[in-house]
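Just so it is clear: chains get the letters A, B, ... in the order the sequence lines come, proteins before strands, and each one is counted from 1.
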Number of protein chains: 2
Amino acid sequence: MSTTKKGKKIDIQMQTRLEARARIIKALAHPTRLFMVEELSQKERCVSELTEMIGSDVSTVSKHLSVLKNAGIVQDQKKGSQVYYILRMPCIRNFLVTFKSVYMV
Amino acid sequence: MSTTKKGKKIDIQMQTRLEARARIIKALAHPTRLFMVEELSQKERCVSELTEMIGSDVSTVSKHLSVLKNAGIVQDQKKGSQVYYILRMPCIRNFLVTFKSVYMV
DNA sequence: TGGTTATTTGGTAAGATAGCCAAATAGCCA
DNA sequence: TGGCTATTTGGCTATCTTACCAAATAACCA
C-alpha cells in the first residue's frame with residue numbers, strides 16, 4: 001500500500017534548501033564569528049575595533065568578516081580608510097536569543 | 001577617561017560560552033544533519049530509516065548521528081537490534097522555525 | 001609625493017571533516 | 001550454535017578550515 005509511515009526520500013528542492021541553510025549556519029559556527037554577530041547586532045564596528053576585542057591577527061579577523069559577508073550575514077561600509085561592519089539582517093538577534101534560550105549557553 | 005565607547009575585550013568566561021555555542025551550531029552545520037534534526041523533531045527514526053531517506057552509506061549516516069549525539073542534540077534508544085534516535089531538546093524546533101523565518105530558506 | 005594607517009589577499013602548514021569500504025559488534029531467531 | 005540484520009568503528013583519502021606572516025591595496029595627511 002501507499003499509506004505507510006515510511007519517510008520520504010530527500011528530493012532535489014529539499015536538498016537545495018538544506019544546503020542553503022547549512023551554508024548560513026556554517027558561517028555562524030565559530031566562536032569568533034558568533035562574537036562578531038553579537039557585537040555587530042549592538043552597533044557597527046570597524047575591523048580594528050573588532051581586532052582589538054578579539055585579539056587575533058587582523059588578517060584573521062578580516063577573513064572571518066568575509067565569511068560572514070559572503071553568507072549575507074553582515075555588510076560593510078567604507079568610511080575613509082576604515083571599513084565598518086554591521087549586521088545585515090538585524091532579525092538574526094532573535095535567532096541568537098532563541099538559540100541561547102534553547103541551549104542555555 | 002574611562003567612559004569611552006571602546007568595546008571590551010573578550011574575557012575567559014565569554015570565550016568559553018562562545019565556544020560552547022559554536023560547538024552546537026557546528027554540529028547543525030551540515031545539510032544531512034539539518035535534515036535529521038527536522039525529521040527527528042517530528043518523530044523518532046531508526047538508523048536504517050534515516051539511511052533510506054538520505055541515500056548515503058549507512059556508516060556515513062551513523063557518523064552524522066554521532067556528531068549530533070555528542071553535541072547533545074539527539075539521543076538514542078535501543079529497541080531490539082535497532083537504534084532509534086529522537087531530538088533530545090524538542091525546543092530546537094523553535095530554533096529552526098526562527099531560522100527559516102529569518103532566512104527564508 | 002612619501003610616509004603612515006587600515007584593510008584585504010596570497011601563501012602555507014596544521015588540523016578537522018566527510019565520504020566510502022571493510023571489519024567489528026550486538027541482537028534475533030531458526 | 002550459526003547465520004542474518006542493524007549499527008558502529010577503523011582506516012584511508014580528499015577536501016575544507018583556520019591561523020599566522022608577508023605582501024598588496026586603499027585612503028589620508030604632512
Worksheet item: Looking at CG of B/L18 and CZ of B/R23, how far apart are the two atoms once the value is rounded to the nearest 0.5 Å?
Response: 11.0 Å
Practice prompt. Output all residues satisfying side chain to side chain donor-acceptor pair (under 3.5 Å) with A/D57, sequence neighbours left out; order by chain, then residue number.
Written response: A/S59
Worksheet item: Sequence neighbours excluded, which residues qualify as side-chain contact (heavy atoms from CB on, under 4.5 Å) partners of A/V58?
Response: A/V47, A/T51
Item to complete: Taking only heavy atoms on the protein side, list every residue of residues 50-60 of chain B lying under 4.0 Å from any atom of DNA chain C, sorted numerically.
Response: B/S56, B/D57, B/S59, B/T60
Discussion item. Could you measure the distance from the CZ atom of B/R45 to the OH atom of B/Y85? Nearest 0.5 Å is fine.
Written reply: 15.5 Å
Fill in: Within residues 15-36 of chain A: residues closer than 4.0 Å to DNA chain D (heavy atoms)
A/K26, A/H30, A/R33
Discussion item. Run the side-chain contact (heavy atoms from CB on, under 4.5 Å) test against A/T16 and tell me which residues pass, sequence neighbours left out.
Written reply: A/I12
Worksheet entry | Rounded distance in Å - CD (A/E44) to P (C/dT7) | 12 Å
Item to complete: For B/Q77 and D/dA6, give me the distance from atom CD to atom P, rounded to whole Å.
Response: 18 Å
Fill in: B/Y85 vs D/dT8: side-chain N/O to OP1/OP2 distance below 4.0 Å
yes
Response to the item:
CD1 (B/I73) and CG (B/L87) are apart, to the nearest 0.5 Å, by 8.5 Å
Discussion item. Going by salt bridge (Lys or Arg N to Asp or Glu O under 4.0 Å), name the residues that satisfy it together with A/E19, two or more places apart in sequence or in a different chain.
Written reply: none
Worksheet item: What is the minimum heavy-atom distance between B/T32 and B/I54, and which atoms define it?
Response: CG2-CD1, 3.8 Å
Worksheet item: What residues in residues 62-75 of chain B put a non-hydrogen atom under 4.0 Å from any atom of DNA chain C?
Response: B/K63, B/H64
Discussion item. Could you work out, with salt bridge (Lys or Arg N to Asp or Glu O under 4.0 Å) as the rule, every residue matching B/E38, not counting sequence neighbours?
Written reply: A/R21, B/K100
Worksheet item: Could you state the interatomic distance from CD (A/Q77) to SG (A/C46), rounded to the nearest 0.5 Å?
Response: 12.0 Å
Run the side-chain donor-acceptor check on residues 60-67 of chain B: report pairs under 3.5 Å with partners two or more places apart or on a different chain.
from, atom 1, to, atom 2, distance (Å)
B/H64, ND1, B/R33, NH1, 3.0
B/S66, OG, B/K63, O, 3.2

Discussion item. How would you summarise protein contacts on nucleotides 23-30 of chain C per nucleotide, using B for base, S for sugar-phosphate only and - for none, with heavy-atom distances below 4.0 Å?
Written reply: ---SSS--
Discussion item. Going by salt bridge (Lys or Arg N to Asp or Glu O under 4.0 Å), name the pairs with one or both residues in residues 75-99 of chain A, residues two or more places apart or in two chains.
Written reply: A/E44-A/K79, A/K69-A/D76
Worksheet item: How would you list, by chain and number, every residue that makes a side-chain contact (heavy atoms from CB on, under 4.5 Å) with A/S81, sequence neighbours excluded?
Response: none
Worksheet item: Watson-Crick or G-U wobble partner for C/dA30, using a 3.5 Å limit on both distances?
Response: D/dT1
